[in-house]
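First the proteins, then the strands, lettered A, B, ... as listed; each starts at 1.
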Amino acid sequence: MDNISYLTTPIYYVNAQPHLGHAYTTVVADVYTRLGRLVGRDARLQTGTDEHGDKIAQAAAAESVEPKQYADRISDMFRQTWPPLHIRYDRFIRTTDPDHIKVVQEILQKVYDAGDIYFAKYGGNYCVGCERFYTDHELVDGKCPDHQTEPVYIEEENYFFRMSKYQDWLLEHIEAHPDFIRPERYRNEVKSFLAEPLEDLCISRPKTRLTWGIDLPFDDRFVTYVWFDALINYVSGLGWPDGRDFAKYWPHAQHLIAKDILKPHGIYWPTMLRAAGIEPYQHLNVHGYWSVGESKMSKSVGNVVRPLELAQVYGPDAFRYFLMREMTFGLDANFSQDLLVERYNADLANDLGNLFSRVLNMMARYRDGLVPEPSSKSDQRPGPDPRAQAAEDTLPPLRTMDQPWLRSSTMKELSWRTTQYYQAQMDVFAFRRALEALWDLIGAANKYVVATEPWTLAKDLDQAPKLDQVLYRLCQVLADVTVMVWPVMPAVAEKMAACLGLAGVTTDKIRGGLLAKIASGQALLGPGTQTQKPRPLFPRIETDKVAAKAAKAEKKAGGKKSARPQTKPRAELVAIEDFARLDLRVGVITEAGPIEGADKLLRLMVDLGEDAPRQLVAGVAAHYSPQELVGMRVVVVANLKPAKLRGVMSHGMLLAGSQGKTMKILQPDPELPPGAKIK
RNA sequence: GGCGAUGUAGCUCAGAUGGUGAGAGCAUGCGGCUCAUAUCCGCAGUGUCCGGGGUUCAAGUCCCUGCAUCGCCA
């Protein structure tokens with residue numbers, strides 16, 4: 001298996017704000033990249049924005065700003081969307097980056113010199129209002145559908161890429177590499193495109209029509225159009241032609257796209273690479289669409305229309321899990337708040353969260369939280385069970401765990417096999433299968449608890465070794481689960497690891513190879529490891545349905561007063577929605593100065609990633625000098641009602657902690673850019 | 001209009017090369033446990049596998065056709 005990987009998302013066009021589709025693609029890319037890091041790969045992830053073209057120029061003109069200014073703003077919105085979703089990329093590329101522009105021109109020149117770009121004239125129906133050509137089919141009664149005017153027939157000269165020349169080569173390449181485009185349905189689709197003769201690709205626009213683009217190096221009356229700009233980001237981001245990253249990562253390149261841009265990536269891009277003398281990418285991974293449905297959810301939880309806001313409401317990790325689990329990669333899927341809450345409660349709160357909770361509570365209660373010595377032979381012997389290894393080729397009959405005779409050795413074997421299967425499935429983008437298998441393991445662990453009844457064993461001192469064995473095994477399973485959960489839910493996995501005393505998950509340097517360690521049959525938690533009782537990983541989301549069910553269950557229990565009053569008003573607790581009302585942002589202090597007549601206050605200018613820095617008044621003069629504040633990264637309450645302090649307006653508040661007389665300003669991680677949202 | 005995809009339990013969907021009585025989760029009903037986030041475990045149902053033809057010893061799975069939905073292209 002490759003020990004290097006390079007995965008890209010498309011670069012997103014800056015004519016729209018980030019939405020669920022962008023988020024899905026980017027989350028998938030992050031999960032895959034994290035999986036790579038988990039198995040010890042040097043994994044690189046690139047995303048970015050596509051910023052040239054008509055639409056951007058028009059949108060900018062509508063706002064009376066320069067295209068670059070407009071692109072800057074939207075591009076920044078994309079950049080800031082990812083960190084809150086726990087997405088980490090290695091490069092955020094923009095098509096307006098100088099190094100990208102240079103590479104685009106070099107490749108254009110190279111292909112031109114090779115004779116694969118030619119100049120030609122073509123004519124068509126042109127609508128002056130739309131500034132574009134229409135085909136006969138698009139016209140309504142011979143008129144432009146938008147303007148209801150007759151188009152004029154004009155002739156225009158443009159540059160064309162000789163794509164047809166590479167048609168046969170591409171078809172052969174696809175035949176020879178069955179997983180070049182996957183899943184298979186999209187490979188078939190590309191093949192059917194190629195069954196028809198390919199037309200050459202128009203790659204320019206005259207500057208009389210469009211100036212917001214990259215100049216053709218061989219004719220400055222033209223700019224290049226769309227694909228010879230955008231697609232090239234995948235190699236320009238690596239420093240083609242002689243960058244070290246290019247040599248290292250390109251041989252392992254994989255692209256990730258939604259099905260709407262299959263043709264450019266499945267046909268244009270490989271032929272472009274071929275013409276430029278660059279090896280084709282390894283895989284093109286194609287996913288489907290989310291259709292966003294109405295929520296039937298009750299008012300008690302509140303309706304949130306925008307999916308990305310749900311990520312903040314229910315937590316980014318739960319959101320990521322939902323996306324990965326709910327969609328079969330390649331097919332379309334539905335998104336709604338109801339579905340999200342259903343998955344959350346069933347899979348995360350009840351299955352995983354509760355398993356974690358019950359095991360660690362028993363650990364604390366029966367063994368002071370210390371991982372016991374195993375008493376069974378199979379656990380004293382390192383390495384996977386030979387029987388399990390022999391069964392490897394019969395993967396994945398994981399649903400064999402319905403037997404009531406669950407034993408420790410069975411759990412060990414199942415855990416081991418799940419790891420193998422999980423890794424293999426994740427690696428081919430079958431995330432759903434991988435997660436189903438992982439949840440089968442979680443389910444088996446829950447069954448194992450019921451089958452062994454640790455609470456009964458605990459009552460009999462003679463059963464101590466047996467109890468040790470059961471708890472030992474459960475702890476190991478939880479550790480294995482934690483590792484597998486990490487690519488999908490990194491923050492949750494880190495919490496789990498902390499409770500388990502599992503080292504390695506949180507640290508890049510030693511995380512690599514954890515899966516391999518499990519595969520070799522080693523226990524992740526040694527006897528004597530201190531575990532801690534957790535707070536619920538995923539507090540249940542109370543819906544009307546759940547409340548009704550609880551009430552019903554109580555009634556059935558004989559109408560006795562429940563030990564736990566179910567509707568205790570808790571004034572001191574706030575709901576997550578309440579917290580979400582706060583708009584906390586990362587900022588950088590750009591100026592700091594005293595305020596006349598106030599010895600505790602300072603006037604600050606803070607860059608929150610907005611158009612201009614904001615003015616804040618902060619009571620930190622007794623603890624910080626203006627000089628040491630400039631350049632400091634801070635956390636700001638951005639939607640605080642403005643107030644006037646000593647005659648100076650303050651538009652926000654920065655966060656600090658105090659202990660006795662000392663007071664320290666909260667300083668976020670340097671990886672968070674100004675404007676990054678905090679939650 | 002052309003190409004392609006999808007249509008399986010009330011809901012969301014798996015069914016990898018055609019082959020044991022068609023599956024999972026959720027929802028529903030019943031039972032068990034009490035370590036746990038009123039969670040967990042067990043049991044129970046319900047399906048003209050979109051309609052109609054065909055190939056085959058055998059089709060949810062392959063072929064043809066019709067309908068519905070979606071995507072790409074023109």
Side-chain angles (χ1 to χ4, degrees), chain A residues 134-139 183-196 199 258-264 266 286 288-289 291 293 296 322 325-328 330-336 338-366 395-396 399 402 404 406 425 428 430 432-433 435-436 439-440 442-459 467 470-471 474 533-542 545-557 562-564 566:
Chain A
Y134 277 98
T135 62
D136 292 339
H137 296 278
E138 286 175 314
L139 296 173
E184 194 181 3
R185 49 165 44 79
Y186 298 108
R187 173 175 183 258
N188 292 337
E189 203 164 315
V190 168
K191 277 170 65 180
S192 80
F193 282 138
L194 290 173
E196 303 288 318
E199 286 186 22
K259 62 184 181 182
D260 57 331
I261 45 175
L262 175 61
K263 202 170 178 179
V286 188
Y289 281 157
S291 45
K296 298 187 288 279
F322 177 82
R325 170 61 236 267
E326 197 71 9
M327 179 176 266
T328 302
L331 300 179
D332 292 354
N334 297 303
F335 184 98
S336 75
D338 301 294
L339 289 168
L340 175 58
V341 169
E342 186 179 306
R343 278 265 166 240
Y344 180 99
N345 278 338
D347 295 2
L348 299 179
N350 296 353
D351 291 346
L352 172 58
N354 184 57
L355 172 69
F356 197 70
S357 172
R358 70 197 305 206
V359 170
L360 289 182
N361 269 286
M362 288 191 286
M363 282 288 290
R365 180 179 296 207
Y366 305 137
L395 288 173
R399 292 181 188 268
D402 298 334
L406 274 180
Q425 295 300 323
V428 294
R432 181 188 188 123
R433 279 188 192 159
L435 289 173
E436 273 175 0
W439 256 257
D440 280 345
I442 290 167
N446 270 322
K447 294 188 217 310
Y448 179 61
V449 172
V450 171
T452 54
E453 299 185 31
W455 51 92
T456 305
L457 298 176
K459 288 175 187 153
L467 180 58
V470 167
L471 292 175
L474 283 168
K533 273 171 74 167
R535 298 164 59 83
L537 294 173
F538 304 98
R540 276 183 69 84
I541 294 163
E542 299 298 328
K545 247 183 212 165
V546 173
K549 194 173 161 187
K552 196 168 158 189
E554 188 177 329
K555 194 174 169 191
K556 202 171 126 190
S562 166
R564 275 176 251 196
Q566 51 168 342

| task | Ignoring the backbone of A:Ala349, work out which of B:C35, B:U37, B:A36 is nearest its side chain. | result | B:U37
| task | Would you indicate what A:Tyr289 reaches in the nucleic acid, counting non-hydrogen atoms under 4.0 angstrom: base, sugar-phosphate, or nothing? | result | sugar-phosphate
| Quick one: which of A:Leu360, A:Asn350, A:Asn446 gives a side chain to side chain contact (heavy atoms under 4.5 Å, CB included) with A:Leu355? | A:Asn446
| request: Scan every strand shown for a Watson-Crick or G-U wobble partner of B:A38, both distances under 3.5 Å, and answer none if you come up empty. | output: none
| Does B:C49 have a Watson-Crick or wobble mate here (both distances under 3.5 Å), and if so which one? | none
| field | Integer-rounded Å distance: B:C40 C1' and A:Phe538 CZ | value | 17 Å
| field | A:Trp455 CH2 to B:C40 P, straight-line distance once rounded to whole Å | value | 13 Å
| field | A:Arg185, nearest nucleotide to its side chain (from B:U6, B:G4, B:U37) | value | B:U6
| task | Counting Watson-Crick and G-U wobble pairs only, both distances under 3.5 Å, name the nucleotide matched with B:C26, or none. | result | B:G10
| Atom CG of A:Leu352 and atom P of B:G25: how far apart are they, to the nearest Å? | 17 Å
| NZ of A:Lys191 versus P of B:C73: gap in Å, rounded? | 22 Å
| Does the A:Ser357 side chain pair with the main chain of A:Gly353, one donor and one acceptor, at a distance under 3.5 Å? | no
| query | Looking for any heavy atom pair under 4.0 Å, which part of the strands does A:Asn188 touch: base, sugar-phosphate only, or nothing? | reply | nothing
| message | Tell me the closest heavy-atom pair linking A:Val286 and A:Pro183, and the distance in Å. | response | O-CD, 3.2 Å
| Counter-base of B:G60, judged by Watson-Crick or G-U geometry with both distances under 3.5 Å | none
| request: Measure from the side chain of A:Val449, starting at C-beta and using heavy atoms only, and say which of B:G4, B:C35, B:C40 lies closest. | output: B:C35
| said: With rounding to the closest Å, how many angstrom separate the C1' atoms on B:U46 and B:C26? | reply: 15 Å
| query | Taking the P atom of each, how far is B:G7 from B:A14, in whole Å? | reply | 7 Å
| message | Heavy atoms only, 4.0 Å cut-off, all strands: where does A:Asn361 land among base, sugar-phosphate and nothing? | response | sugar-phosphate
| Closest nucleotide among B:C40, B:U37, B:C13 to the A:Thr328 side chain | B:C13
| What pair of heavy atoms forms the shortest contact from A:Ala333 to A:Glu326, and how long is it? | CB-O, 4.2 Å
| request: May I ask you to say what A:Glu453 touches in the nucleic acid, namely base, sugar-phosphate or nothing, with a heavy-atom cut-off under 4.0 Å? | output: nothing
| request: Indicate whether OP1 or OP2 belonging to B:G42 is found under 4.0 Å from a side-chain N or O atom of A:Lys447. | output: yes
| said: Can you check the distance between B:U8 and B:A44, where both ends of the measurement are the P atom (answer in whole Å)? | reply: 25 Å
| message | Can you identify which nucleotide, out of B:U39, B:C26, B:A36, has its nearest atom closest to the A:Glu342 side chain? | response | B:C26
| remark: Of B:A16, B:U39, B:A36, the nucleotide closest to the side chain of A:Asn350 is B:U39
| task | Name the nucleic acid region contacted by A:Pro539, choosing base, sugar-phosphate or nothing; use a 4.0 angstrom heavy-atom cut-off, strictly under. | result | base
| Point-to-point distance, once rounded to the nearest 0.5 Å, from CZ of A:Arg187 to CG of A:Leu262 | 13.0 Å
| field | Rounded interatomic separation in angstrom, taking CE from A:Met327 and C1' from B:A14 | value | 15 Å
| note | Side-chain contact check for A:Arg365: nearest option of B:A36, B:A5, B:C40 is B:A36
| remark: Closest of B:C72, B:G25, B:A16 to the A:Arg433 side chain is B:A16
| query | Are any of A:Arg325's side-chain N or O atoms less than 4.0 Å away from OP1 or OP2 of B:C13? | reply | no
| request: Using whole Å, report how far CD of A:Glu189 lies from P of B:C70. | output: 17 Å
| query | Taking the same atom, C1', in B:G21 and in B:G47, what whole-Å distance lies between them? | reply | 14 Å
| field | Rounded distance in Å between the C1' positions of B:C70 and B:A9 | value | 24 Å
| query | Can you tell me how far C1' in B:G23 sits from the matching atom in B:C33, rounded to whole Å? | reply | 28 Å
| said: Suppose we define a pair by two distances each less than 3.5 Å, Watson-Crick or G-U wobble; what does B:C72 pair with here? | reply: B:G2
| task | Quickly work out the A:Asp260 CG to B:C3 C1' distance and round it to whole Å. | result | 16 Å
| field | Least distance between heavy atoms, A:Trp455 atom then A:Val450 atom | value | CH2-CA, 4.4 Å
| query | B:A36 P sits how many Å from A:Leu474 CG, rounded? | reply | 15 Å
| field | Among B:U37, B:C40, B:G25, the one nearest A:Leu537 by side-chain distance | value | B:U37
| field | Partner residues of A:Lys533 under the side chain to side chain donor-acceptor pair (under 3.5 Å) criterion, sequence neighbours left out | value | A:Asn361
| task | Could you check which of B:U39, B:G4, B:C35 has an atom nearest any side-chain atom of A:Tyr366? | result | B:C35
| request: Using both distances under 3.5 Å as the test, list the Watson-Crick or G-U wobble partner of B:U20, or none. | output: none
| query | Using atom C1' of each nucleotide, how far apart are B:G32 and B:G71 to the nearest Å? | reply | 50 Å
| said: salt bridge (charged side-chain N to carboxylate O under 4.0 Å, His left out), that's the test. Do A:Glu189 and A:Arg185 meet it? Break it down for me. | reply: CA-CA 6 Å; A:Glu189 203 164 315; A:Arg185 49 165 44 79; over 6 Å; no
| request: Just jot down the side chain to side chain contact (heavy atoms under 4.5 Å, CB included) partners of A:Glu342, sequence neighbours excluded, or say none. | output: none
| query | Under 4.0 Å: is that the gap between some side-chain N or O of A:Arg540 and OP1 or OP2 of B:U39? | reply | yes
| Toward the 5' end of RNA chain B, which comes first, A:Asn446 or A:Asp332, by nearest nucleotide? | A:Asn446
| query | Do the side chain of A:Arg432 and the base of B:A14 come within less than 3.5 angstrom through a donor-acceptor pair of N or O atoms? | reply | no
| task | Using the P atom on both, measure B:U55 against B:G60 and round to a whole Å. | result | 16 Å
